[in-house]
Novice: 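I'd like to ask some things about the structure below.
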Amino acid sequence: MLRICIFLIASTLSLISETPVIAVWPEDRVPGKVTEEPETLIPRADGYQRMTHVSRPTLTFFAASDVKGLPTPAVIVCPGGAYRYTVMDKEGSAIARRFNQAGISALVLKYRTPDNREGALQDLQRALSLTRSRAFEWDIDPDRIGVIGFSAGGHLAASASTQFTARRYEAIDSVDTLSCRPDFVMLVYPAYLDDKQGNVSTDLNLQVDIPPSLILHSEDDRNHVTGSRLYAKRLKEKGGQHAFKLYSSGGHGYGLHSKGEARVWPDEAIEWLRAIGTQ
């Protein structure tokens, strides 16, 4: 029994060491709005972990597999949840491990919720700079750090890729001297990209040098596919290494579990990263 207990403790410590959790902000220096409610796990029958009332944003680091000591690309993962919560496993840790298998390090961002878009963007801007500041420590290439976002997290990723010319908070320390522009962006069934009047949402600045962007969506996601179509059209007009993958079926919110045509999206995303020279 003692040996079993020691083994379990050692295994737990090993798991913790493999996936360190880092505070995005120094203690008591979180800018803007925070919730006063305690952080809460929302119970659902499907068993996925939905976190809400987040006031202390974190990054959880997942190191790439079999990289032979070379600096790797890295992707910050922004889970979805309508900005009310974040689905930390289905659209977070599971995604990170999938990219790890392709030699890409990943960091899952637990950003502020609920209903705090400004705070979430501040969190992601800081997370991008923070990741660059620790690139040597984590064997990451600071010039190959991107973002992948799902649903509301897709909108958040698009926001970071179009609003990087000015930080949405006052600089705190040396971390904030480093760029908060992602080097590439992947939007998976993103939400809120349009204004419901036939235009791209006004909170996405199309005048800046938007990094290479991949949009992945399904035609049967009727609530949100229009925004992806409009945004993809505007990106195409701008030129650059942007791509739009539109699948006939898949729906919304599937993560790695689509039963439709969209099930191939992870492989196509990794192929796109190779095509733009990131992977």
Novice: Can you tell whether the side chains of Asp209 and Arg181 come within less than 4.0 Å, N to carboxylate O?
Specialist: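 Yes, charged N to carboxylate O under 4.0 Å.
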Novice: Would you say Arg117 has more than 12 foreign heavy atoms packed within less than 6.0 Å of its CZ?
Specialist: yes
Novice: Measure the shortest side-chain to side-chain distance between Leu204 and Ser159 over non-hydrogen atoms and say whether it is less than 4.5 angstrom.
Specialist: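 Counting from C-beta outward, Leu204 and Ser159 do come under 4.5 Å.
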Novice: Is there a donor-acceptor pair under 3.5 Å between the side chain of Asp221 and the backbone N or O of Val225?
Specialist: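 Not confirmed, Asp221 side chain does not pair with Val225 backbone.
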Novice: Would you please test Ser65 and Gln101 for side chain to side chain donor-acceptor pair (under 3.5 Å) and show each step?
Specialist: CA-CA 6 Å; Ser65 307; Gln101 294 169 8; over 6 Å; no
Novice: Sub-3.5 Å donor-acceptor pair from the side chain of Lys110 to the main-chain atoms of Thr60, do we have one?
Specialist: no
Novice: Please confirm whether the backbone N or O of Pro71 pairs with a side-chain atom of Arg144, one donor and one acceptor, at under 3.5 Å?
Specialist: yes
Novice: Could you walk me through whether Glu261 and Lys245 satisfy the salt bridge (charged side-chain N to carboxylate O under 4.0 Å, His left out) test, starting with their C-alpha distance in whole Å, then the side-chain angles of each, then the deciding distance to 0.1 Å, before giving a yes or no?
Specialist: CA-CA 11 Å; Glu261 186 181 313; Lys245 301 284 187 180; over 6 Å; no
Novice: For Arg229 and Leu246, what are the C-alpha separation, side-chain angles and deciding distance, and is it a side chain to side chain contact (heavy atoms under 4.5 Å, CB included)?
Specialist: CA-CA 9 Å; Arg229 290 181 189 273; Leu246 183 62; 3.5 Å; yes
Novice: Test of understanding: with side-chain contact (heavy atoms from CB on, under 4.5 Å), list the residues that count as partners of His242, not counting sequence neighbours.
Specialist: Ile210, Ser213, Leu235
Novice: In terms of relative ring orientation, are Tyr192 and Tyr83 parallel, tilted or perpendicular, with 30° and 60° separating the classes?
Specialist: parallel
Novice: Using 30° and 60° as the class boundaries, would you call the ring planes of His224 and His252 parallel, tilted or perpendicular?
Specialist: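 Aromatic pair His224/His252 classed tilted.
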Novice: Does this structure show an ion pair linking Arg126 with Asp176, if we count only N-O contacts that are shorter than 4.0 Å?
Specialist: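 Judged by the 4.0 Å cut-off on N to carboxylate O distance, Arg126 and Asp176 do form a salt bridge.
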Novice: If I compare all heavy atoms of Leu187 with all of Gly154, which pair ends up nearest, and what's the gap?
Specialist: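 The answer is CD2-O, 3.3 Å.
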Novice: Among Val147, Val75, Ile215, Val77, find the residue that satisfies the side chain to side chain contact (heavy atoms under 4.5 Å, CB included) test when tested with Met186.
Specialist: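 So the option named by the test is Val75.
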Novice: Hey, which of Asp183, Asp141, Thr177 is the one that makes side-chain hydrogen bond (donor to acceptor under 3.5 Å, both in side chains) with Arg132?
Specialist: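 Among Asp183, Asp141, Thr177, the one meeting side-chain hydrogen bond (donor to acceptor under 3.5 Å, both in side chains) with Arg132 is Asp183.
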Novice: Quick one: which residue pairs count as a salt bridge (Lys or Arg N to Asp or Glu O under 4.0 Å) with a foot in residues 51-61, not counting sequence neighbours?
Specialist: none
Novice: Output yes when a side-chain donor or acceptor of Thr35 lies under 3.5 Å from a complementary backbone atom of Glu37, and no otherwise.
Specialist: yes
Novice: So, are Asp267 and Arg263 salt-bridged, with charged N and O less than 4.0 Å apart?
Specialist: no
Novice: More than 12 heavy atoms of other residues, nucleotides or ligands under 6.0 Å from NZ of Lys238: yes or no?
Specialist: yes
Novice: Quick one: does Tyr111's side chain have a donor or acceptor within less than 3.5 Å of a partner on Pro79's backbone?
Specialist: yes
Novice: Would you mind reporting whether Ile76 and Leu124 have side-chain heavy atoms less than 4.5 Å apart?
Specialist: yes
Novice: Would you check if the side chain of Asp123 reaches a backbone N or O of Arg112 as a donor-acceptor pair within less than 3.5 Å?
Specialist: yes
Novice: Got a donor-acceptor contact below 3.5 angstrom from the Thr202 side chain to the Val200 backbone?
Specialist: no
Novice: Would the distance check show the side chain of Glu39 and the main-chain N or O of Val54 forming a donor-acceptor pair, the cut-off being under 3.5 Å?
Specialist: no
Novice: Centres of the Tyr169 and Trp25 rings: under 6.0 Å?
Specialist: yes
Novice: Closer than 3.5 angstrom, by distance alone: can the side chain of Glu91 be matched with the main-chain N or O of Gly80 as a donor-acceptor pair?
Specialist: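 Such a contact is found between Glu91 side chain and Gly80 backbone.
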Novice: With ring pair (Phe, Tyr, Trp, His ring centres under 6.0 Å) as the test, pick out the partner of Trp265 among Phe150, Trp272, Tyr247.
Specialist: Phe150
Novice: Decide side chain to side chain donor-acceptor pair (under 3.5 Å) for Ser105 and Thr72; before the verdict, give the C-alpha distance in whole Å, the side-chain angles of both, and the deciding distance to 0.1 Å.
Specialist: CA-CA 6 Å; Ser105 294; Thr72 70; 2.9 Å; yes
Novice: For residues Tyr189 and Tyr254, establish whether the separation of their ring centroids is below 6.0 Å.
Specialist: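 Yes, the ring centres sit under 6.0 Å apart.
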Novice: Just by modelled atom types, is the Val34 backbone N or O under 3.5 Å from a matching donor or acceptor in the Ser55 side chain?
Specialist: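 A pair under 3.5 Å: no.
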Novice: So do the side chains of Gln163 and Asp203 get within less than 4.5 Å of each other, counting heavy atoms only?
Specialist: yes
Novice: Assess whether atom CD of Gln207 is packed by more than 12 heavy atoms of other residues, nucleotides or ligands within 6.0 Å.
Specialist: no
